[in-house]
Amino acid sequence: MESDAFGDAKSRLKREIDVVNCSMANTTCEIQRKGLLHRTRGFYKKMAKHPNMSVTLIGVTLFLLINICNSFKGKQMVIPPKPPERFFPVGSAVLDFPYGNINPVTNLLVKEEVIFMMYYAPWCSKSKQIRGEFAKAAKYFQNRIRFVAVNCWWPSGECRSSYKLISYPELFVYHTNLDGFKYKGIPTADYMIQFTEDLLYPLKILHTREQIKEFNSRYDNAMIGFFDFHASPQPPGYRQFYLTAMRLLEKDFYQPVRSAIITQPGLASLLGLHHSKSLILHRLTNTTLLYPQEGNFTDEYLTHWIGVHKQQPLVKWLSPPGHKTQHLSTAINQGPALVVFIPVNQLHTNSFYYNMVREVALHYLNCNDSLFMRDATELSIRQRIASIEEHQKHTDKCLYKQVYKNTLYMSPASDKNCCISLVTSHNKEYSREDSRTVCEYCKHVKTTPSLEERSHLCMLDTPTSLSTGAMFSGLAHSPPHCLNTGQDYNTNEYRTLCCKECSYNVLSNDKCSSRKTTDPFIARSNFIFLNLICKTLKLQEEQNLTSPFDFVKDFSRFDLEKVMGLHCRSNRTLNLHVMDIKHHSVFLERLAPGYLIDVNSPAAVIVDKKNEAQYVLRETFSKKNLAQFIMNYTSSDLDRYLRSGTLNNSPCYGDHIGVCIREATSQSFQDIILQQDKDVLVLLYAPWCGFCAGFAHLYLNLAKYFKTAQDLIFARINADSNDLPWEYTVSSYPTLLFFPAHRKSDSVVFPASIPKTLPNLIKFVLHHSTHDLRLDTAADICSDLCIKHNRVVVAVTVETLRSQSHQYAKRLHRLMSHLASLNNAPKHHPDTTSEYLPGKSSIDNSVPGLPDDQLMLQRRRKIHSSIAYVQKQIRKTEKRVRDAEYLNKYLLSHKNFLSGKEELFEYFSPHVKDKKSKS
């Protein structure tokens, strides 16, 4: 009957499975499929109630599952993903493509010169973390650079099918008709802004010798190229040079090889650049290299050549990318490293603390007392002072921005230093209609110029292009005295002679601090520049970046003379590195645990991996203290920085079994082990050590065994979070160290070859402990009868030793008497001393035929030797007597025996009758 029932059920299930073969798009089919699954579960429960039909149950279940899988083969059973949402809000300055579209971005790149791209995944936590910083950078560059975000995780998107990214997010900067530049820096707004600014302006134009000197001294590696723009609007090789400068920024964002160009042949010849499309690589502490003329002048070859020949920076930036990397380990493996953690403000024009450390490095590495390196230090100090002064001016201008805006344009009549802006148009026959030349001509006078003079100046508007000579020649009076001039505007559209308002500045070679703003074109440009400066200052506050006003104002020039060339005068040299303390404070926590970290204050740590030591600058950070820190390390006058953990719980471990194992730290370790009258046993363990966890109960039993010992201390220390002095450093855990009382220098470690069992541990402690501890242990494990028996044995031993000492004393007396008789006896006398001497019975027959004098001398020597032997035995016996008496006294005073000492003699042997011993 049961088999027929299961056969009917099987055929019914077959009919049900046929329902699955219908179209999945049919709603009725979906409903039937759900009903089939429901009935299948019910059938399974029903058959489970029949234990005898287990084989049939399995067979029917497998048949059902196979048919269901075959029915659904090739059909999608996964719920489709939800449509993506915008990753950035609607009002953001970031152009977001949540569906992963690439074609709109490609079309946008044709219109925009620069695009900052972010490939993200909406579920990625790091993408979410960077989202706010990316939006801030986009707002900063709004209307200047387009920021775009693309969802490169959306399965059906173009980005997902075109690019195979292994991590999210990925940041790239794209230029028109150029490949992308990958951003590898810290993903914060200030770092992204600095990277973009460097890519927008990768080159600097050098006009004077002073600018060249300043440029070469400011950077460890500087690439300077000469291109003759008078011969061509775009000289040959200039585009490749421009791309090389950008590639160098991509390779090393923090310390790239900075690039500059020279357009004046006379100035270029001073550097050995005599032909257009030539360049040099200036290395601060090495020789300058000229790029070979026969080399291919392409960005690929130039980048490779510079990468091979550039020198290592004096102070190297360390910026781990946030995932598993060897940045820090590589730097530490190269030798002892000084790592200075500094607050970094990428939006400030001067890297203040980095330059301060670099000034110390310039003296530390100046082995030959190079004048150029001294000048580089002086220029660095001037630049730091000037940057703070400039920041103060910008802050004041932004506070009174509206007032400053109203005073940007001043009419010549109200300006005592007359400045006239002249606009002239070229001849339309030879130039375009909108082509014009704007010149600013200034004459510094004490009083306002007359109307006639000003009108005479305005007559300079001529149809020909203006030049300085033409302007001066049209004047009836002498040429104006302009202290400095500078070019402005695009050279393809304008040509201008701009006079700067000058004032003497001791700290700067450029004596002109600001340009007069009477020209409306210049006024508008300055106002745009001021808006950008104010926007930068506002972003610095939003990012909580260190303000230049909070920098350590240390501009000393005389605190570094002692460290001059120290790198070459000692074998204990240092490599100097810097890290951003705000983003990499976790490394400072690991290198200097317990150090009070302030993200707005620098910190310095010396890491000596070979000796496994760290040294921390404990004084206030300054150039003088940093130089002294280096000198103290060179002379081995620094104390090693020891990590010290904190005690979260009770200072005793093992209270639950009635023992106290003292918890030690690096600070309390010395105080515990250096107790002179105590034996100390210390366990060194680590919380991650599995063997330590298994050994813990054995150590507790050992402490319980010696529970009554008053002069034995049990302690333990977490050696993973507490550094110990070198003499106590171990290579494995767990490790036992024993420090005996009064002999701390004779500390011993439990042998690794002996199993750590309780008997072996007890033997180890008793073998190295004091005599009192051994007595205490023996008394504690001995019964009352055992103690009484030992008291009798000790008393008998004392009497026996005293008897031996008395016999030795009598023998010594006889030897002394015979020695005196030999000294007073005549030359020929019978031998009467042989019976008291050890060895042979007579010494006269041992050496026959000796003269009388030599025979007497030999006898005296034998007697002296016998006297020394007897005296040694007497001292040895007296020591054993003292030890036995001490043991007897200890047994009398033991806690298990409270009776007087007269009870001791009831257990003496019958032959012990000495009254002296009883007294």
Side-chain angles (χ1 to χ4, degrees), residues 94 116-121 124-141 145 147 149 165-173 180-200 202 246 248-256 258 313 315-331 339-355 357 536 539-548 551 577-591 597-603:
V94 180
F116 203 125
M117 181 83 74
M118 173 182 176
Y119 300 99
Y120 68 88
C124 175
S125 60
K126 192 172 182 180
S127 298
K128 296 178 181 179
Q129 180 183 358
I130 296 176
R131 175 170 51 185
E133 299 296 323
F134 193 75
K136 290 179 182 178
K139 185 178 180 181
Y140 180 86
F141 286 107
I145 295 176
F147 277 66
L165 302 180
I166 60 175
S167 63
Y168 298 97
E170 291 287 354
L171 301 176
F172 283 86
V173 177
F181 298 88
K182 186 175 181 180
Y183 175 71
K184 303 176 183 179
I186 298 175
T188 57
D190 50 326
Y191 278 89
M192 286 188 283
I193 290 173
Q194 183 61 41
F195 178 71
T196 309
E197 291 280 3
D198 289 342
L199 283 180
L200 289 176
M246 300 175 69
L248 294 174
L249 289 169
E250 182 188 22
K251 285 185 172 296
D252 190 353
F253 162 65
Y254 300 97
Q255 290 178 303
R258 295 293 179 176
V315 182
K316 184 174 179 57
W317 274 96
L318 296 178
S319 183
H323 51 79
K324 199 172 274 190
T325 179
Q326 296 182 351
H327 280 69
L328 186 59
S329 62
T330 302
V339 184
V340 184
F341 295 84
I342 59 175
V344 180
N345 186 347
Q346 287 289 341
L347 300 179
H348 189 50
T349 56
N350 189 285
S351 186
F352 196 88
Y353 284 124
Y354 171 78
N355 288 338
V357 178
T536 303
L539 184 59
Q540 291 182 33
E541 296 178 0
E542 294 177 356
Q543 295 294 104
N544 294 323
L545 301 178
T546 305
S547 171
F551 291 150
H577 309 274
V578 293
M579 297 182 73
D580 190 340
I581 190 174
K582 182 178 180 181
H583 299 284
H584 301 118
S585 59
V586 62
F587 295 98
L588 179 58
E589 294 175 0
R590 294 295 297 172
L591 294 176
I597 299 176
D598 183 7
V599 295
N600 294 320
S601 300

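Counting from 1, the numbers follow the sequence of the chain as shown.
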message: I'd like to check the ring-ring contact (aromatic ring centres under 6.0 Å, His included) partners of Y183; sequence neighbours left out, ordered by chain and number.
response: F195, F253
task: Tell me whether the centres of the aromatic rings in F116 and F134 are closer together than 6.0 Å.
output: yes
Flag for Q194-D198: side-chain donor and acceptor within less than 3.5 Å: yes
query: Parallel, tilted or perpendicular: which describes the rings of F551 and H348, with under 30° parallel and over 60° perpendicular?
result: tilted
- line: Between P320 and M579 the two heavy atoms that sit nearest each other are CD-CE, 3.7 Å
query: Considering only heavy atoms from C-beta outward, does the side chain of H577 approach that of V340 to under 4.5 Å?
result: no
field: Within-4.5 Å side-chain heavy-atom neighbours: P256 and R258
entry: yes
query: When you look at NZ of K136, are more than 12 heavy atoms from neighbouring residues, nucleotides or ligands closer to it than 6.0 Å?
result: yes
query: How long is the span from the CE atom in M246 to the CG atom in L199, to the nearest 0.5 Å?
result: 5.0 Å
- request: Verify side-chain contact (heavy atoms from CB on, under 4.5 Å) between V173 and M117, making sure each step is shown before the conclusion.
  value: CA-CA 6 Å; V173 177; M117 181 83 74; over 6 Å; no
message: Just so I know, are the side chains of P602 and P343 near enough to count as touching, which here means a heavy-atom distance under 4.5 Å?
response: yes
- line: Value for CD (Q346) from CG (L539), rounded to nearest 0.5 Å, stands at 12.0 Å
- prompt: With under 30° as parallel and over 60° as perpendicular, where do the rings of F147 and F141 fit, or are they tilted in between?
  reply: parallel
- request: Look at the aromatic rings of Y119 and F172 and report parallel, tilted or perpendicular, splitting at 30° and 60°.
  value: perpendicular
message: For E170, is there an ion pair with K182 - N to carboxylate O distance below 4.0 angstrom?
response: yes
query: Hey, is the main chain of D598 close enough, under 3.5 Å, to the side chain of S601 for a donor-acceptor pair?
result: no
- prompt: Which distance, rounded to the nearest 0.5 Å, do you find between the NE2 of H584 and the OG of S319?
  reply: 4.0 Å
L318 vs V578 side-chain heavy atoms within contact, under 4.5 Å: no
- line: Between the CG atom in D190 and the CD atom in Q543, the distance rounded to the nearest 0.5 Å is 5.5 Å
- line: What one should report as the nearest heavy-atom pair of V344 and L545 is O-CD2, 4.0 Å
- request: State whether a side-chain donor-acceptor pair under 3.5 Å links N355 with N350.
  value: yes
- prompt: Taking the side chain from E133 and the backbone from A189, do they hold a donor-acceptor pair closer than 3.5 Å?
  reply: yes
query: For Q540 and P548, which heavy atoms make the closest approach, and how far apart are they?
result: OE1-CD, 4.5 Å
task: With the side chain counted from C-beta on, respond yes when Y254 and P313 share a heavy-atom pair under 4.5 Å apart, and no when they do not.
output: no
For T330 against Q326, the heavy-atom pair lying closest together: OG1-O, 2.5 Å
message: What I'd like to find out is whether the side chain of L591 reaches to under 4.5 Å of the side chain of F341, using heavy atoms alone.
response: yes
- prompt: Does the side chain of L249 come within less than 4.5 Å of P202's, by heavy atoms?
  reply: yes
- request: Could you tell me which non-hydrogen atom of S127 sits nearest to which non-hydrogen atom of M118, and how far apart they are?
  value: O-CE, 3.8 Å
- prompt: How many angstroms lie between atom CG of N544 and atom NZ of K582, to the nearest 0.5 angstrom?
  reply: 5.5 Å
message: To the nearest 0.5 Å, what is the distance between OH on Y354 and CD1 on I342?
response: 9.0 Å
field: Short side-chain donor-acceptor distance under 3.5 Å, Y140 and T536
entry: yes
